[in-house]
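Protein chains get the first letters and strands the later ones, always in sequence-line order, with residue 1 at the start of each.
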Number of protein chains: 2
Amino acid sequence: MNDTPSENTGKTTPPRTRIQQKNRRAIMEAALEVFSQYGFRGARLDQIAQTAGLSKPNLLYYFPSKEAIHTELLTCLMDTWLDPLRALDPAGDPREEILAYMRRKLEMSRDYPRESRLFANEILQGARHIRTAIKGELKALVDEKAEVIRGWAERGAIAPVNPHHLIFSIWALTQHYADFEVQVRLILEGREDDPYPEAERYLETLFSRLLAPERA
Amino acid sequence: MNDTPSENTGKTTPPRTRIQQKNRRAIMEAALEVFSQYGFRGARLDQIAQTAGLSKPNLLYYFPSKEAIHTELLTCLMDTWLDPLRALDPAGDPREEILAYMRRKLEMSRDYPRESRLFANEILQGARHIRTAIKGELKALVDEKAEVIRGWAERGAIAPVNPHHLIFSIWALTQHYADFEVQVRLILEGREDDPYPEAERYLETLFSRLLAPERA
DNA sequence: CGTGTTTCTGACCAATTGGTAAAACCATAC
DNA sequence: GTATGGTTTTACCAATTGGTCAGAAACACG
């Protein structure tokens with residue numbers, strides 16, 4: 001008997017059959033839908049199963065437990081989630097690099113709001129399942145890029161700013177449009193159907209003015 | 001028999017006895033603790049009762065249902081939550097008013113992070129219980145203050161900005177430190193024990209540069 | 001003190017939860 | 001075909017969930 005289709009090798013083990021591939025995909029998709037809406041505790045296996053078009057026992061044929069689904073989902077998405085920051089190029093033009101990073105993050109909010117809300121829920125609820133990833137991967141990456149930004153500021157390529165808080169502010173501002181989408185839309189009702197174009201313009205202005213070096 | 005201690009008059013009905021006052025307070029406090037951590041669906045009545053130092057049936061003596069507790073909590077806190085924005089004075093100095101608003105919001109994140117997370121959870125999970133308050137009170141208040149800001153920008157007292165997105169950005173930036181506190185702390189570990197002093201400095205710089213009118 | 005009211009508890013309930021066991025159903029390869 | 005393995009379902013379980021109820025304490029107050 002095939003105990004568990006997925007191995008615990010850490011990453012995505014390629015499923016054996018086409019059916020497994022299809023169903024595991026469907027489960028991940030459904031899990032994203034449900035976990036991002038309700039967080040780990042609020043999510044129900046029934047709901048994930050139904051969303052995936054499977055019966056609950058069948059769902060549990062592919063994953064041993066609710067926690068396993070959640071963990072797999074988070075670890076799978078973590079990499080993609082960090083890509084925009086990874087792409088920040090120390091050799092590029094400082095202001096343009098930071099603006100481009102902001103734009104990439106805003107695109108992620110627009111195109112993958114559920115992923116944003118998944119992480120938001122997870123962190124809001126204490127980050128119990130991704131503590132190590134935050135303290136490890138994420139912190140390392142942030143520290144590295146913060147150092148790059150510090151260098152830029154030091155040589156006057158951008159106005160002096162606290163690099164860590166600059167990164168936080170990019171997260172906060174861009175993710176806000178995904179995590180609080182409902183609120184944003186309700187408040188803008190009658191003004192902007194799609195908040196993102198205006199958000200992009202606003203954030204470009206904001207970071208341009210913040211980083212403009214001539215006034216240091 | 002006293003069917004339900006709380007009336008549905010909308011606001012906080014003054015409890016009859018001292019015991020009721022004490023216990024209802026304890027319940028609200030416990031509910032804040034639990035709901036802000038897990039959201040509505042993830043919260044468990046047991047946990048609220050235990051945190052409040054009451055038995056579950058006793059808890060349900062004071063409130064008819066889980067939903068009732070949640071609703072009461074939200075409506076009670078909504079007013080306080082909006083106060084910082086209400087205090088934005090159209091007659092004050094524009095830049096100083098906006099900076100002061102930001103500072104008030106940041107103080108709220110520092111001093112009342114659970115309240116922030118409660119609303120964050122609620123909105124993240126679809127804002128089902130506060131939709132009307134958002135579309136009503138909040139939207140009205142935001143529109144009103146956005147109009148004030150628009151006026152300031154128009155007469156050149158601050159640099160031109162989209163007023164609504166300016167308000168969103170204040171929310172995003174300040175609430176981030178409460179909602180994502182775990183992450184912020186984990187990443188800053190070894191650098192800043194308390195993120196708030198540096199956050200305030202950073203945000204002051206950010207909004208000063210954003211709003212400085214001379215470059216309009 | 002007694003009596004009426006408020007507050008609290010233990011026992012209970014139906015529904016839902018995450019999860020299991022085993023049998024039934026497939027789809028092939030031989 | 002039929003053996004063989006992967007896949008799915010049916011039936012089930014124990015624990016937990018939100019919530020009820022009758023009555024026991026605890027209180028207030030004349």
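- Judged as a ring pair (Phe, Tyr, Trp, His ring centres under 6.0 Å), and not counting sequence neighbours, the contacts of A/F168 are A/H165, A/W171.
- The shortest distance between the side-chain N/O atoms of B/S55 and the OP1/OP2 oxygens of C/dT9 is below 4.0 Å.
- Under the salt bridge (charged side-chain N to carboxylate O under 4.0 Å, His left out) criterion, A/E181 pairs with A/R117, A/R185, not counting sequence neighbours.
- Between the P atom of C/dT9 and the CG atom of B/N58 lies a distance of 5 Å, rounded to the nearest Å.
- The side-chain hydrogen bond (donor to acceptor under 3.5 Å, both in side chains) check on A/E144 picks up nothing, with sequence neighbours excluded.
- Taking atom CZ of B/F63 as the reference point, atom C1' of D/dG18 lies 16 Å away to the nearest angstrom.
- Side-chain contact annotation: B/N162 with A/Y202, donor-acceptor N/O pair under 3.5 Å absent.
- The phosphate of D/dT8 has neither OP1 nor OP2 within less than 4.0 Å of any side-chain N or O from A/Y61.
- Applying the salt bridge (Lys or Arg N to Asp or Glu O under 4.0 Å) rule to pairs touching residues 121-136 of chain A yields nothing, sequence neighbours excluded.
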Problem - Summary of protein contacts for nucleotides 13-23 of chain C, nucleotide by nucleotide, where a base hit scores B, a sugar-phosphate-only hit scores S (4.0 Å, heavy atoms) - result: ----SBBB---

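- At D/dT7, one or more side-chain N or O atoms of A/Q20 fall inside 4.0 Å of OP1 or OP2 (strictly under the cut-off).
- No salt bridge links B/D194 with B/R110; every basic N to acidic carboxylate O contact stays at or beyond 4.0 Å.
- Contact check, B/N23 against C/dC8: a side-chain N or O comes under 4.0 Å of OP1 or OP2.
- Identified under the salt bridge (Lys or Arg N to Asp or Glu O under 4.0 Å) test for residues 41-55 of chain A, with sequence neighbours left out: A/D46-A/K56.
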What nitrogen or oxygen pairs link the protein and nucleotides 24-30 of chain D at under 3.5 Å?
none

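- For the pair B/L59 CG and C/dG10 P, the interatomic distance rounds to 15 Å; values are reported in whole Å.
- Residues forming a salt bridge (charged side-chain N to carboxylate O under 4.0 Å, His left out) with A/R104 (at least two apart in sequence, or on another chain): none.
- Between B/L54 atom CG and C/dC8 atom P there is a gap of 7 Å when expressed in whole angstrom units.
- Under the ring-ring contact (aromatic ring centres under 6.0 Å, His included) criterion, the residue pairs touching residues 109-149 of chain B are B/F40-B/H129, B/H70-B/H129, B/W81-B/F119, with sequence neighbours excluded.
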